[in-house]
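A short worksheet on the structure shown next.
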Amino acid sequence: MKTSTTTLFLILANLFWAGNYVFGKYVVLELPPIQLTFMRWLIALFLLFPLAHWIEKPSWKSVWQAWKLLLVLGLLGIIGYNFFLYWALTYTSSMNAALVNSMNPALIALVSALLLKEKISSHHAIGLIISLCGVLLVLTKGHILEIFQLQFNKGDLLMLLAILVWTLYSIIARKLKNIPVISATAVSAFLGLVLVAPFAVGSGLNIHLSGRALEGLLYIGIFPSVGSFIFWNISLRHIKASQAGVFLNLIAVFTAILSLIVGQSITTVQILGGLLVFIGVYLTSKKKTSSRPVTKTI
């Protein structure tokens with residue numbers, strides 16, 4: 001797959017995830033995190049399995065043979081990350097949550113270097129630093145020193161757990177070398193849903209939602225759940241986890257843009273920060289001409 005296509009997929013994945021922050025904040029006011037996680041993936045399954053069967057035409061027997069690995073991915077990416085994210089949003093502000101999430105690319109790069117022996121090149125490190133600076137500009141509106149005045153609460157700690165879970169998910173997902181992406185996502189989502197269902201049903205499902213919450217739930221069940229996971233997992237089969245990780249900084253930028261669309265203000269400093277993020281992402285994803293081609297994993 002072309003580098004430009006991989007880049008586009010990663011951008012779209014993070015654009016949809018940014019919407020998850022915006023709409024998730026509304027929905028979590030009416031649905032507890034465990035119920036929101038369950039309803040989100042229940043909606044997604046009605047799309048994932050038909051898409052997998054229509055587009056990939058997989059051998060479902062072969063897919064289910066990898067159920068142990070898919071179960072782990074379901075626990076991490078389907079249940080763990082989303083549950084901790086929504087739980088965090090009930091305690092912390094969007095600014096704090098996004099700030100903690102901006103640590104994810106660095107964490108993925110570090111863990112990838114330790115577990116996968118992925119080398120962190122100089123231009124990768126520079127791109128990572130530039131992106132992080134851009135995120136800080138976006139979040140603090142130019143007053144970067146304010147990060148030292150933030151009071152971390154229970155929600156911030158939950159976000160730390162969320163990004164740790166997502167780091168492990170991104171690294172383990174690279175082991176899915178011979179399973180079609182949509183099929184793998186569908187089965188892992190199904191297994192995760194089976195595990196979370198007793199807790200969601202036991203807590204008493206709330207089916208009386210406002211129009212805004214229902215719209216948000218439908219968005220979350222379609223775009224972040226189906227689109228983002230498919231685009232992210234396809235990309236992980238063509239580039240390193242650490243390279244893909246830096247694109248997560250785009251979540252803060254897209255969140256600012258979406259906030260502007262729904263009526264919130266955005267400053268010149270935030271625009272500048274967004275440009276720095278895009279520059280950092282470009283430097284990180286750009287391959288050196290003198291380096292050897294990266295062998296595809298699928």
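Since the structure is predicted, the reported quantities are computational estimates derived from the model, not experimental observations.
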query = Hey, is the main chain of Leu89 close enough, under 3.5 Å, to the side chain of Lys25 for a donor-acceptor pair?
reply = yes
request  = Over all heavy atoms of both residues, which pair between Leu236 and Ala173 is shortest? Give the atoms and the distance, please.
outcome  = CD1-CB, 4.0 Å
query = Does Phe223 reach the side chain of Ser228, with side-chain heavy atoms less than 4.5 Å apart?
reply = no
key: Atom pair CZ (Arg212) and CD (Glu30), whose distance is rounded to the nearest 0.5 Å   = 9.5 Å
ask   = With no hydrogens and no angle check, is any side-chain donor or acceptor of Asn233 less than 3.5 Å from a backbone partner on Thr185?
value = no
Non-hydrogen atoms of Ala200 and Gln35 that approach each other most closely = O-CG, 4.0 Å
ask   = Which heavy-atom pair separates Val226 from Gly221 by the least distance, and what is that distance?
value = CG2-O, 3.8 Å
key: Sub-4.5 Å side-chain heavy-atom contact between Trp232 and Ser170   = yes
query = When rounded to the nearest 0.5 angstrom, what distance separates CG in Leu75 from CD1 in Ile78?
reply = 10.0 Å
query = What about Trp67 and Phe190, are their ring centers closer than 6.0 Å?
reply = no
query = For the rings on Phe229 and Trp166, is their centre-to-centre separation under 6.0 Å?
reply = yes
message = I'd like to know if the side chain of Thr6 and the backbone of Lys2 have a donor-acceptor N/O pair within less than 3.5 Å.
response = yes
message = A quick test of your reading: do over 12 heavy atoms of other residues, nucleotides or ligands sit less than 6.0 Å from NZ of Lys57?
response = yes
key: Minimum-distance pair of heavy atoms, taken over all atoms of Ala184 and Arg237   = CB-NH2, 4.4 Å
ask   = Any sub-3.5 Å donor-acceptor pair from Trp87's side-chain atoms to Leu158's backbone N or O?
value = no
key: Short side-chain to backbone donor-acceptor contact, Ser225 and Ala44, under 3.5 Å   = no
side-chain contact (heavy atoms from CB on, under 4.5 Å) assessment of Leu191 paired with Leu73 = CA-CA 9 Å; Leu191 293 173; Leu73 293 177; over 6 Å; no
ask   = Checking side-chain contact (heavy atoms from CB on, under 4.5 Å) for the pair Glu215/Phe23: CA distance, chi angles, key distance, verdict?
value = CA-CA 8 Å; Glu215 291 174 357; Phe23 290 105; 5.8 Å; no
note = For Met159 and Leu85, the nearest pair of non-hydrogen atoms, with its separation, is SD-CD1, 3.7 Å
ask   = Is there a side-chain contact between Arg40 and Tyr86 (heavy atoms, below 4.5 Å)?
value = yes
query = OG1 of Thr90 to CG of Leu36: how many Å apart, nearest 0.5 Å?
reply = 11.0 Å
query = If you round to the nearest 0.5 Å, how far is CD1 of Ile108 from OG1 of Thr167?
reply = 4.5 Å
request  = Could you tell me whether the side chain of Leu250 reaches within less than 4.5 Å of the side chain of Leu15, counting heavy atoms only?
outcome  = no
task = Check whether any side-chain heavy atom of Tyr81 lies under 4.5 Å from a side-chain heavy atom of Leu76, and answer yes or no.
result = no
key: Path from Ile55 to Phe9 over hydrophobic side-chain contacts below 4.5 Å   = yes
ask   = What do you reckon, is CZ of Phe199 surrounded by more than 12 foreign heavy atoms closer than 6.0 Å?
value = no
inquiry  = Using a 3.5 Å distance criterion without hydrogens, assess whether the side chain of Asn20 forms a donor-acceptor pair with backbone atoms of Phe16.
reply    = no
query = Checking side-chain contact (heavy atoms from CB on, under 4.5 Å) for the pair Ser112/Ile171: CA distance, chi angles, key distance, verdict?
reply = CA-CA 7 Å; Ser112 296; Ile171 291 175; 3.9 Å; yes
request  = Find the distance between OG (Ser203) and CD1 (Ile34) and round it off to the nearest 0.5 Å.
outcome  = 7.0 Å
message = For the CD1 atom of Ile239 and the CD1 atom of Ile234, what is their distance to the nearest 0.5 Å?
response = 12.5 Å
task = Could you state whether Leu217 and Val201 fall into the same hydrophobic cluster, counting links through intermediate Ile, Leu, Val, Met, Phe, Trp or Tyr residues with side-chain heavy atoms under 4.5 angstrom apart?
result = yes
key: Sub-4.5 Å side-chain heavy-atom contact between Trp41 and Asn82   = yes
key: Cluster overlap Phe46 with Tyr219, hydrophobic side-chain contacts below 4.5 Å   = yes
key: In one Ile/Leu/Val/Met/Phe/Trp/Tyr side-chain cluster, 4.5 Å: Ile129, Ile126   = no
query = Quick one: are Leu47 and Ile222 in side-chain contact, heavy atoms under 4.5 Å?
reply = yes
note = All heavy atoms of Ala213 vs all of Leu209, minimum pair found to be CB-CB, 4.2 Å
ask   = Given the rule in the side-chain contact (heavy atoms from CB on, under 4.5 Å) test, do Ile230 and Leu48 qualify, once you have shown the distances and angles that lead to the verdict?
value = CA-CA 9 Å; Ile230 291 174; Leu48 286 170; 4.1 Å; yes
ask   = Are side-chain heavy atoms of Val63 and Leu70 found at a separation under 4.5 Å?
value = yes
ask   = Does one hydrophobic cluster hold both Val253 and Leu8, with members joined at side-chain heavy-atom distances below 4.5 Å?
value = yes
